Amino acid sequence: MAKYMSMETLKYLLFEVHQFEDLLENERFQDYDKDALDILLRSAKDFSDQYLFPVFKEMDEEPAHYKDGKIIVHPSLKEILRVGSENGWIGSTFDHDDGGMQLPKTIAMGAMHIMESANNHVPGYFGLTSGAAGLINAFGSKELKGTYVPNMIAGTWMGTMALTEPQAGSSLSDITTTAYPQADGTYKIKGQKIFISGGDHEYAENFIHLTLARIEGAPAGIKGISLFVVPKLRIKGDGGLEGNDVITAGDFQKMGQRGYCTTHLVYGENENCVGHLVGNEHMGLRYMFQMMNGARLDVGLTAISTATAAFYASLQYAKERPQGRKLISGGRKDVSKGQTLIINHPDVRRMLYLQQTVVEGSLSLIIECGILEDIIDVSEGDTKTDAHLLLELLTPIAKTYPSEMGRVSINNGLQILGGYGFTSDFILQQYYRDIRIMALYEGTT
C-alpha cells in the first residue's frame, strides 16, 4: 500500500518536540501511558489502511449526490461508520461517565491526522457528530444530554452544525431562520440552511442538527441568535421515531471532497418542525463558537493531512520516475549514461523539501493547539487562562496557514509530476481539488 503519512514523524512531534508525555501525569489521563497511546495510534492506522485509504479514489469517482429525495453516498461509508463508531472514535475525548474514552485531545488529533491523510472525505462525519454532541453536553439540559448524546457517541445518530443560509452566507447576523415558542416549551422552526456537511445519508438512523435561529421578536443582529437541537426524526411518546419536517432539498456537487456530502436543508415547510432550545435565549452564537473553533482546528488538521498525503505521493513518484541525466563536473550531462531518477534533480528536491517543511511545521502547530486544549481541560488559575488566550490567538492561524500553504505544498507536488500530475491517472490532482475548500470552510481565510 502506498504511504500516505509517517507514524515516525507524528510520534516524534508528539513525544520529542512537544513532550506530550508530561501531560499524562494529570489525573484525567491516568489510564494512559506512552505505550497505550502508541497502541491507539496504531489502531487508527490499521483502521485507515483497511477501510479508508482503499476507497479514497473511488469516493471521488462516485461522489455523494441527491436522488429521489435522498442523499446517496459511497456504500463503503456504512461499514466505515460502523467500525469507526465501535472503535470509539466519535466519543474518544468524552468523559468515561458520558461513554467516552477520556482520551487527550492531542492524541485524538493525532488519530484524526492519520485518518484524514488516508481519506479526507470521511473523518468529518465523525468529527461533526463529536462536536455537536460536545455542544449539547456543555450547554444543554440534562434531558437533552440524556436523549441525544449517548446515541451520537455510539454513532447511531449523526450530528451537524447548521449556520449558513442562502441569503446570508457567513454573515450570521443576517440569518432569518425563525423559532416560534410553543406552550409545551418547544419551538416551531422555519427556514433554510445550506452547506451542511454530513447533513444526511442512508447510513445513520437519525441526524441531529445544531441549528442557529432567531426566536420570534428577538433583537436584530447576533445578539438575537439562539441555538436549537433540531432532529431530522423526533422521538414519539412510545420511544419510536417520526419525521420532524426537516427536508433534505439537495446536495451540492463540489470540485473536491466529493465523497463528503454537503446538503441543503429546509425546516418547517409543513409548519411541523420541532426544535429544542440549548441553554439560554439569545446565547446561540456564543455557544456555537465552541463548536466552530473546534471545527476550525479540524479544518487546519484536514488541510495539512491532505497535504501530507500529497507529499508522500510526490515523493514516491520522484523515487520511481526516470528522466534526464545527472549533472557531472562543469555542470554538463553525460548523455552516454542512463536516465536518472527525478529525485536527483536539485529543483525537484527543492520542491519536495518545501512540501515537507510545510506539512511537518503545520502538523506541529496543530499539535500545539491540541496540547493547549488539554491544558485548559486539566488546569486552573493563570495556567488555564494563559492557555485559553494563546489558543484563541493560534486557532485562526492553525486554520489559515495549513489551508493556504497546504495548497502551495500540493501545487509543488503536482509540478513534480509534470503533465502526469494534471491527469486523473495520478492522485495529486485529487488532493489539489480537495484542499481548495479548506480556505473556505468555517469562515473564509
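The figures that follow rest on heavy atoms only: side chains count, while hydrogens, waters and symmetry mates do not. These figures come from a predicted structure and were not determined experimentally.
For the residue pair S85 and I90, the shortest heavy atom distance occurs at OG-CD1, 3.6 Å. Pairing each heavy atom of L394 with each of L365, the nearest pair is CD2-CD1, 4.3 Å. The heavy-atom pair separating G406 from I435 by the smallest distance is C-CD1, 3.3 Å. Nearest heavy-atom pair, C273 versus G268, reported as atom, atom and distance to 0.1 Å: CB-N, 3.5 Å. Counting all heavy atoms, side chain and backbone alike, S364 lies closest to H18 at OG-NE2, 2.7 Å. Nearest heavy-atom pair, W157 versus T147, reported as atom, atom and distance to 0.1 Å: CZ3-O, 3.6 Å.
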TODO: Could you please spell out the steps behind the side-chain contact (heavy atoms from CB on, under 4.5 Å) verdict for S424 and Q429?
DONE: CA-CA 7 Å; S424 58; Q429 51 78 31; 4.2 Å; yes
Open item on the list: Determine whether H121 and V55 satisfy the following criterion, side-chain contact (heavy atoms from CB on, under 4.5 Å), listing intermediate values before the conclusion.
Closed with: CA-CA 10 Å; H121 301 201; V55 296; over 6 Å; no
- [ ] Would you sort out whether L52 and I114 count as a side-chain contact (heavy atoms from CB on, under 4.5 Å), showing the intermediate values?
- [x] CA-CA 10 Å; L52 301 185; I114 297 168; over 6 Å; no
TODO: Report the C-alpha distance between L277 and L227 in whole Å, list the side-chain angles of each, state the deciding distance to 0.1 Å, and finish with yes or no for side-chain contact (heavy atoms from CB on, under 4.5 Å).
DONE: CA-CA 6 Å; L277 181 67; L227 178 64; 6.0 Å; no
Task: Check against ring pair (Phe, Tyr, Trp, His ring centres under 6.0 Å), Y66 and H264 - done: CA-CA 10 Å; Y66 183 75; H264 178 178; 9.6 Å; no
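For the side chain to side chain donor-acceptor pair (under 3.5 Å) with Y267, the qualifying choice from D245, T177, T211 is T211, the only one to do so. Considering N120, D434, D60 as possible partners of Q257, the one that fulfils the side chain to side chain donor-acceptor pair (under 3.5 Å) test is N120. Of the options F56, Y4, F311, a ring pair (Phe, Tyr, Trp, His ring centres under 6.0 Å) to Y431 is made by F56 and by none of the others.
Between the side chain of T178 and the backbone N or O of T176, at least one donor-acceptor pair lies under 3.5 Å. Between the side chain of K193 and the backbone N or O of E165 there is no donor-acceptor pair closer than 3.5 Å. Between the side chain of Q102 and the backbone N or O of D31, no donor-acceptor pair lies under 3.5 Å. Counting only distance, with no hydrogens or angles, the side chain of S314 and the backbone of A310 share a donor-acceptor pair below 3.5 Å. One N or O on the side chain of T395 and one on the backbone of L391 form a donor-acceptor pair closer than 3.5 Å. When atom types are taken as modelled, the side chain of T308 and the backbone of V359 share no donor-acceptor pair closer than 3.5 angstrom. When atom types are taken as modelled, the side chain of T93 and the backbone of L103 share no donor-acceptor pair closer than 3.5 angstrom. At least one donor-acceptor pair closer than 3.5 Å links the side chain of S43 to the backbone N or O of L40. Side-chain atoms of R214 do not come within 3.5 Å of backbone N or O of I222 as any donor-acceptor pair. Checking side-chain atoms of Q192 against main-chain N and O of V266 turns up no donor-acceptor pair under 3.5 Å.
Here D200 contributes atom CG and T262 contributes atom OG1; the two are 12.0 Å apart, rounded to the nearest 0.5 Å. Separation of atoms CD1 (I71) and CD1 (I196) is listed at 11.5 Å; rounding is to 0.5 Å. With rounding to the nearest 0.5 angstrom, the NZ atom of K45 is 12.0 Å from the CE atom of M115. The OG atom of S130 lies 8.5 Å from the CG atom of D298; values are rounded to the nearest 0.5 Å.
Side-chain contact check for H74 versus I80: every heavy-atom pair is 4.5 Å or farther apart. Looking at N151 and E205, their side chains never come closer than 4.5 Å, going by heavy atoms from C-beta outward. In this structure the side chain of S403 never reaches within 4.5 angstrom of the side chain of Y441, judged on heavy atoms. F228 is listed as a side-chain neighbour of I215, based on a closest heavy-atom distance under 4.5 Å. No side-chain heavy atom of I208 sits under 4.5 Å from any side-chain heavy atom of M158. The shortest distance between side-chain heavy atoms of N119 and S48 does not fall below 4.5 Å. With a 4.5 Å cut-off on side-chain heavy atoms, L212 and M161 do not count as touching. In this structure the side chain of P104 never reaches within 4.5 angstrom of the side chain of R28, judged on heavy atoms.
For Y180 and Y187, the distance between ring centers is not under 6.0 angstrom. For an aromatic pair to be called close, the ring centres must be under 6.0 Å apart, and Y287 with F139 satisfies this. A centroid separation of less than 6.0 Å is found between the aromatic rings of H201 and F207. Taking the ring centroids of F47 and F53, they lie at or beyond the 6.0 Å cut-off. Proximity of the aromatic rings of Y125 and Y203 is defined here by a centroid distance below 6.0 angstrom, and this criterion is not met.
For E86, the salt bridge (charged side-chain N to carboxylate O under 4.0 Å, His left out) partners two or more places apart in sequence, or in a different chain, are R82. Not a single salt bridge (charged side-chain N to carboxylate O under 4.0 Å, His left out) links D98 to another residue, sequence neighbours left out. For R296, the salt bridge (charged side-chain N to carboxylate O under 4.0 Å, His left out) test picks out no residue, with sequence neighbours left out. Not counting sequence neighbours, the partners of K70 by the side-chain contact (heavy atoms from CB on, under 4.5 Å) test are I72. Residues meeting the salt bridge (charged side-chain N to carboxylate O under 4.0 Å, His left out) test with K399, sequence neighbours left out: none. Residues meeting the side-chain contact (heavy atoms from CB on, under 4.5 Å) test with D38, sequence neighbours left out: K11.
Under a cut-off of 6.0 angstrom, the local environment of CG in L24 is crowded, with over 12 non-hydrogen atoms contributed by other residues, nucleotides or ligands. Counting heavy atoms of neighbouring residues, nucleotides and ligands inside a 6.0 Å radius, atom CG of D184 exceeds 12 of them. Residue-environment remark: NZ (K3) exceeds the threshold of 12 foreign heavy atoms within 6.0 Å. In this structure, K236 places its NZ atom where more than 12 heavy-atom neighbours from other residues, nucleotides or ligands lie under 6.0 Å away.
Side-chain polar atoms of T302 and E116 form a donor-acceptor pair below 3.5 angstrom. The closest side-chain donor-acceptor pair between N244 and E242, if any, does not fall under 3.5 angstrom.
In this structure, K34 is positioned above the aromatic face of F15, its NZ or CZ under 6.0 Å from the six-membered ring centre and within 45° of the axis.
Classification of D377 and K384 as a salt-bridged pair fails, no side-chain N sitting under 4.0 Å from a carboxylate O. Electrostatic pairing of K190 and E271 counts as a salt bridge here, judged by a charged N lying under 4.0 Å from a carboxylate O.
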